[in-house]
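For reference, the structure is listed below as structure tokens.
The chains referred to below are lettered A, B, ... by the order of the sequence lines, with proteins before strands, and numbering in each begins at 1. Heavy-atom basis, side chains included; hydrogens, waters and symmetry copies ignored.
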Amino acid sequence: MLDQGFIRENIELVERGAKAKGEKVDLKLFSELDQRWRRLLAQRDGLKHQRNVASKRIGELIRDGKGAGDEIAEMKGLSQRIKVLDEEVKGIEGKLREVMLSIPNLPHESVPRGGGDEDNVVVKTWGEKPSFDFPPRDHLQLGELLSLFDFSRGSKLAGSGFPLYKGLGAQLERALINFMLDLHTGKHGYLEVSPPFLANRGCMEGTGQLPKLEEDMYLCEHDDLFLIPTAEVPLTNLHRGEVLEGDRLPLKYVAYTPCFRREAGSYGKETRGFLRVHQFDKVELVKFCRPESSYQELEELLGEAEEVLRLLGLAYRVRLLCTGDLSFAASKCYDIDVWAPAEGKYLEVSSCSNYEDFQARRAGIRFREGGKVRFVHTLNGSGLATARLLVALVETYQTKEAEVLLPPPLRPYLGGRERIG
RNA sequence: GGAGGGUUAGCCUAACUGGUAAGGCAGCGGACUUGAAAUCCGCCGUCCCUUAACGGACUUGGGGGUUCGAGUCCCUCACCCUCCGCCA
């Protein structure tokens with residue numbers, strides 16, 4: 001959410017930003033409501049002032065043993081008028097909030113203008129795409145031959161899109177998670193958190209999943225709790241409604257959690273195998289920092305996520321998303337795509353975003369510095385999502401004999417094993 | 001699930017049978033000082049009055065009610081603590 005005063009004073013800027021993102025906003029309605037709201041506020045506050053003064057006098061009269069019948073009768077009418085105005089103000093505030101919730105965060109000046117995928121800018125590619133002297137198998141074939149996954153039994157338990165890992169497949173998944181957690185806690189200085197996998201509505205509003213994405217999430221109705229679609233939710237909400245100490249920023253958290261997404265309405269080719277599932281594992285990085293350093297922090301976050309792929313020796317590219325592909329709440333976002341040789345395409349394994357104070361304002365996350373209280377900037381990025389990472393890993397390191405060689409950094413996590421198969 | 005107690009500003013703590021939130025700590029700015037400590041003054045949640053000054057409204061976990069007036073009384077929801085029950 002943007003600040004009401006900021007929108008008021010920067011109507012054109014907000015309009016341009018929303019347009020660049022392809023979001024429709026009604027700023028005319030905003031201005032109308034905002035003006036009416038301020039007018040009513042002045043009127044109502046004046047009456048309230050009268051009431052406060054009179055009430056004080058009534059109190060004094062009564063204490064002195066004098067009657068206050070006339071004054072009280074008069075105040076009754078005034079209170080009625082205040083009540084009417086109060087309701088009107090509340091009505092307008094409701095509408096105003098609705099309009100403001102529909103206004104997206106503004107893209108940062110460094111974000112390229114554009115409408116869609118073709119306007120995203122590849123800012124980096126790393127590693128060699130592997131070539132094979134045999135026809136490479138895709139991850140489904142490899143998984144079958146090596147007994148790493150069991151999609152049909154996963155479906156039996158919970159439906160399609162719920163993968164089941166087994167044997168070395170399950171161990172490999174666990175190894176990747178531990179490898180990434182150790183990297184981010186050890187080398188990059190993140191504090192590991194193991195949060196609840198369910199979160200309440202307040203959290204979902206804080207990070208912006210609600211009200212828009214309710215249909216994309218799993219809800220436990222009895223308790224009105226949502227299964228988290230990403231660890232961004234619990235990690236960012238860790239400090240919801242708090243005032244942080246400025247000299248302790250930036251705060252850096254990492255968590256492994258499963259992620260649950262209904263992704264209602266997405267079917268077809270993209271859903272095969274691990275490419276799009278309802279439950280997947282992810283290691284997530286979240287930072288809280290002061291506004292001045294958030295873009296530098298974003299570059300660092302990106303580098304820390306990239307390092308996972310570099311250490312694993314997997315080819316990847318980094319794309320800077322254009323305004324049209326930027327999510328509602330983000331100011332700037334890089335996607336990291338890993339190369340999956342048998343799929344013959346890049347798979348998105350991370351989005352690293354700076355939200356500036358958009359989430360912080362919604363979630364009430366502030367910091368104290370120099371006697372003042374300001375909103376922090378929040379950032380997050382996957383570091384990384386394992387399902388697609390696993391796809392790239394087994395496809396990249398496969399041999400003609402349908403083995404999978406393990407890159408050295410992973411071996412300690414699999415008891416020193418060098419290959420699967 | 002049952003019973004009781006609690007939630008006051010960044011933190012801690014007050015407020016008679018309803019009378020309009022008092023203090024303390026920490027922090028920031030200033031005065032004093034060679035410097036520091038101590039002391040004193042101001043600031044230290046949100047919003048409105050176009051800006052500033054001045055002023056005003058709101059803020060005692062959220063929402064609602066009674067009242068001229070609610071931290072205080074009533075209803076409701078959330079969370080925390082204690083005990084009981086259940087349980088890995």
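Listed nucleotides: B:rA57, B:rC68, B:rG64. Nearest to the side chain of A:K90: B:rG64. Of the candidates B:rC47, B:rC68, B:rA57, B:rA57 carries the atom nearest the A:R44 side chain, counting heavy atoms from C-beta on. Taking only side-chain atoms of A:R368, from C-beta outward, the nucleotide of B:rA57, B:rC44, B:rG19 with the closest atom is B:rC44. For A:R51, taking side-chain heavy atoms from C-beta onward, the closest of the listed nucleotides B:rG69, B:rG56, B:rC47 is B:rG69. For A:N52, the side-chain atoms get nearest to B:rC58 when compared with the rest of B:rG10, B:rG69, B:rC58. Of the candidates B:rA57, B:rG10, B:rG19, B:rG10 carries the atom nearest the A:V243 side chain, counting heavy atoms from C-beta on. In this structure, the nucleotide among B:rC58, B:rC47, B:rG19 sitting nearest to the side chain of A:I62 is B:rG19.
Rounded to a whole angstrom, the distance from the C1' atom of B:rG1 to that of B:rU13 is 35 Å. B:rA15 and B:rU7: their P atoms are spaced 11 Å apart (whole Å). Atom C1' of B:rU72 sits at a distance of 10 Å from the matching atom of B:rU60, rounded to the whole Å. To the nearest whole angstrom, the two P atoms, one in B:rA70 and one in B:rG18, are 14 Å apart.
If you check every strand for non-hydrogen atoms under 4.0 Å, A:R366 touches sugar and phosphate atoms only.
Look at A:K83 and you'll find a side-chain N or O under 4.0 angstrom from OP1 or OP2 of B:rU66. Between A:S79 and the phosphate of B:rG69, there is a side-chain N or O to OP1/OP2 separation shorter than 4.0 Å. A:K76 has a side-chain polar atom (N or O) that falls below the 4.0 Å cut-off from OP1 or OP2 of B:rC68. The side chain of A:R8 places an N or O atom within less than 4.0 Å of a non-bridging phosphate oxygen (OP1 or OP2) of B:rC48.
In this structure, B:rA14 makes no Watson-Crick or G-U wobble pair, since no nucleotide meets both defining distances under 3.5 angstrom.
For A:R290 (side chain) and A:G246 (main-chain N/O), a donor-acceptor pair under 3.5 Å exists by modelled atom type.
Note: A:F162 and A:H278 have tilted aromatic rings, judged against thresholds of 30 and 60 degrees for the angle between ring planes. Aromatic ring orientation, A:Y253 versus A:F288: perpendicular (interplanar angle above 60°, classes split at 30° and 60°). Classification of the A:H188-A:H184 ring pair by plane angle, with boundaries at 30° and 60°, yields tilted.
In this structure, A:K332 forms no cation-pi arrangement with A:Y295, as its terminal cationic atom is not both closer than 6.0 Å to the ring centre and no more than 45° off the ring axis.
Sequence order on RNA chain B of the closest nucleotides to A:E245 and A:I58 puts A:E245 first from the 5' end. Between A:E242 and A:W37, the residue whose closest nucleotide on RNA chain B is further toward the 5' end is A:E242.
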